[in-house]
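Structure record follows, encoded as structure tokens.
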Protein chains: 2
Amino acid sequence: MGKRLPTMPTLKNVANLAEVSIPIVSKVLSGNPGVRVSSDTRQRILKAAEGLAYRPNALAKSLKLKRTNTLALFMPDVGNPVIPEIIRGVEDGARAAGYSPFISHLDEKVISERLYLAWLQEGRFDGLIIATARVEDSIIADLISSGLPFVLVNRREASTNMHVSIDDAAGARIAVNHLAGLGHRRIAHLAGPLMYDTSLRRLKGYQQELDLHGITYDSSLVQEYDWHTWDGGKLAMKQLLKRENPPTAIFAGNFMGAVGALSALKEARLKVPEEISLICLHDSPIAEVLDPPLTVVRMPLHQMGKCAAEMLINLLEDRPCKIPLVLPPDGLFIRKSTAPCR
Amino acid sequence: MGKRLPTMPTLKNVANLAEVSIPIVSKVLSGNPGVRVSSDTRQRILKAAEGLAYRPNALAKSLKLKRTNTLALFMPDVGNPVIPEIIRGVEDGARAAGYSPFISHLDEKVISERLYLAWLQEGRFDGLIIATARVEDSIIADLISSGLPFVLVNRREASTNMHVSIDDAAGARIAVNHLAGLGHRRIAHLAGPLMYDTSLRRLKGYQQELDLHGITYDSSLVQEYDWHTWDGGKLAMKQLLKRENPPTAIFAGNFMGAVGALSALKEARLKVPEEISLICLHDSPIAEVLDPPLTVVRMPLHQMGKCAAEMLINLLEDRPCKIPLVLPPDGLFIRKSTAPCR
DNA sequence: TGACCATGGGAAAACGATTGCCCACGATGC
DNA sequence: GCATCGTGGGCAATCGTTTTCCCATGGTCA
């Protein structure tokens with residue numbers, strides 16, 4: 001069904017036009033330096049290819065070469081403002097090595113259908129970068145046992161060392177240290193879904209740093225929230241504000257949560273940072289235009305993406321992998337949402 | 001270079017295991033209903049395929065069939081919050097028709113290298129959806145003359161009717177009408193880069209509606225801004241506030257601009273909506289958590305994406321195309337950033 | 001018993017590219 | 001004058017599928 005619109009020129013067409021054989025055209029056009037060819041023949045081929053606007057068919061080439069030079073990048077949620085950073089990092093890493101990354105946006109349905117596994121098995125891509133925490137463990141296990149090349153981003157897995165993540169605990173500690181340094185003692189934590197190891201590590205960092213400052217951990221100051229939505233943080237913040245003894249500072253596990261929390265604080269007529277301080281992990285250009293601009297611990301998302309691409313490509317090209325598995329946070333970016341505790 | 005990690009099973013392997021020929025395996029597995037095969041053979045083949053976890057090689061299949069069932073979606077900027085909506089729309093449209101969309105994030109470099117044209121010419125994708133206004137006209141012209149199947153999103157082009165967009169002028173008029181209905185007369189317009197026809201149409205709609213309400217158009221109330229960045233709107237808003245007779249209402253051309261404008265207004269200690277009203281085109285979940293939540297004219301971005309996919313697939317499958325080229329706005333969503341003019 | 005038919009399944013070509021091998025040719029060496 | 005050698009370029013196989021065509025085989029009918 002369906003007319004095939006324009007027919008692309010093939011090697012055969014070029015060969016006919018240049019009055020030579022197909023293989024020699026291939027050799028000349030693929031620029032193989034070792035090929036010996038008379039300059040006359042070369043010119044004829046080049047002219048013919050140019051005239052026909054010839055482009056090698058990627059499918060045929062990849063089939064023969066068993067290499068597509070493409071990567072698939074699986075993203076959970078393009079709406080999350082931290083995602084673009086990662087995407088750009090992957091792109092930079094991949095393109096520098098001659099690979100083209102293609103992004104696939106995974107909604108629940110696709111995740112459950114294991115389409116990504118299929119794409120890899122079907123040879124459409126050389127490798128896979130998975131940047132979604134939502135993928136089930138069982139599927140990761142399948143992926144590992146299939147032996148197919150993939151890298152996990154922002155998610156660690158004991159059974160493989162193909163993953164890159166950021167030191168969440170360290171990030172959390174920087175945030176809490178900042179808050180504690182400002183004199184805050186009742187520091188709440190808006191924690192991402194605790195089914196994700198990333199959230200768990202942030203929580204642990206929060207606890208550790210509290211401990212270091214001699215603040216006893218109060219689990220009622222930890223409120224889990226849904227970080228897939230913008231108002232997950234808002235709902236959680238409202239919960240937290242219901243306490244009889246509300247916190248003087250909030251450490252939000254991610255950016256979306258902080259924005260939601262800020263919204264809740266405003267509805268509650270609490271002044272940020274005068275009455276309550278707010279800090280979060282991750283940065284985003286939006287942080288600058290919020291009221292007040294958000295103090296954040298910036299995480300090296302771009303670098304994480306880039307490392308993931310490099311790691312994967314190293315694997316694909318059978319080179320030793322010397323990429324760090326865990327990246328340190330970029331550090332504190334103080335804007336206007338945190339202030340000394342009154 | 002590079003070890004080829006796991007070797008995927010092929011039709012040949014399945015055929016060997018089932019002790020039949022390759023073609024019959026292909027026929028059975030591709031589920032062609034017309035194929036007549038004994039149930040014994042069928043069972044053996046199915047079992048063998050299952051046992052080997054066979055998956056057809058997409059490259060070989062596409063090469064033979066001249067159809068990949070994939071679409072490439074070119075996005076300008078995944079950081080822009082309106083983009084995810086479009087992406088999801090395209091996905092819905094494509095998947096419903098059995099196509100997989102792959103997103104490529106186009107930065108300036110890629111745009112200038114005309115990679116997208118290459119990908120299409122190389123047969124990697126069946127068609128292309130271009131959702132970036134930034135692509136140069138000359139490249140669009142190339143694309144058209146190449147005869148390759150593509151659809152333009154949110155951009156009109158006289159030389160092709162393969163495009164889907166939203167009625168920007170109508171959206172602008174709804175916004176201005178709302179503001180005028182609240183009694184505002186000095187309504188400023190934060191206009192996107194006027195090199196884009198989309199921005200131009202919004203400006204025109206703004207002018208028309210002003211006219212309808214008997215308000216004379218004052219070009220000094222129109223401030224162009226860069227809508228690729230979050231603080232483009234902020235800078236523009238600051239410009240506007242320098243006037244001796246500042247506007248009482250702002251109509252921002254897009255969401256990012258409105259967020260930036262809101263930021264500038266806060267810095268200037270202007271109360272929204274008490275002292276100045278703000279409305280924009282496009283909606284985003286973030287609009288809810290801003291302070292105040294933004295009143296917007298919602299545009300059918302999801303539907304636009306979906307229509308684009310359907311239009312492209314209709315073209316690919318040689319079906320008549322009955323998709324509307326221009327979609328009406330979804331309408332006004334009143335939140336809290338607009339109020340009667342004092 | 002011989003002709004016919006339906007049925008199941010295989011042979012081969014094709015998609016477009018790459019590559020190892022080999023051959024023809026003219027030039028060179030003895 | 002004969003063997004050798006290097007050079008330019010073609011042959012053929014291959015990657016993994018799909019699809020058209022055709023051939024066995026065995027059963028049915030006269």
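For the numbers below, each heavy atom of this structure counts, side chains included, while hydrogens, waters and symmetry mates do not. Here is the naming used below: chain letters follow the sequence lines, and residue numbers restart at 1 for every chain. As the structure is a prediction and not an experimental result, all values here were calculated from the model.
- Screening Val153(A), Asn80(A), Val90(A), Ile86(A) against Met75(A) for a side-chain contact (heavy atoms from CB on, under 4.5 Å) leaves a single residue, Ile86(A).
- Checked options Asn57(B), Ile24(B), Ile22(B); the residue passing with Leu11(B) is Ile22(B) (criterion: side-chain contact (heavy atoms from CB on, under 4.5 Å)).
- Residue contacts for Thr41(A): at a heavy-atom cut-off of 4.0 Å it reaches the sugar-phosphate backbone alone, with no base atom in range.
- Note that CZ of Arg67(B) is 7.0 Å distant from CG of Asp126(B), once rounded to the nearest 0.5 Å.
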Take nucleotides 15-23 of chain D nucleotide by nucleotide from the 5' end and write B, S or -, depending on whether a protein heavy atom sits under 4.0 Å from the base, only from the sugar-phosphate, or from neither. BBBBBB---
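- Ring-centre distance between Phe125(B) and Phe102(A): below the 6.0 Å cut-off.
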Please step through salt bridge (Lys or Arg N to Asp or Glu O under 4.0 Å) for the pair Arg88(A) and Asp92(A), ending with a clear verdict. CA-CA 6 Å; Arg88(A) 277 188 266 264; Asp92(A) 288 349; over 6 Å; no
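- Rounded to an integer number of Å, the gap from CD1 of Ile45(B) to P of dG9(C) is 8 Å.
- Atom CZ in Arg44(A) sits about 12 Å away from atom C1' in dG8(D), given to the nearest Å.
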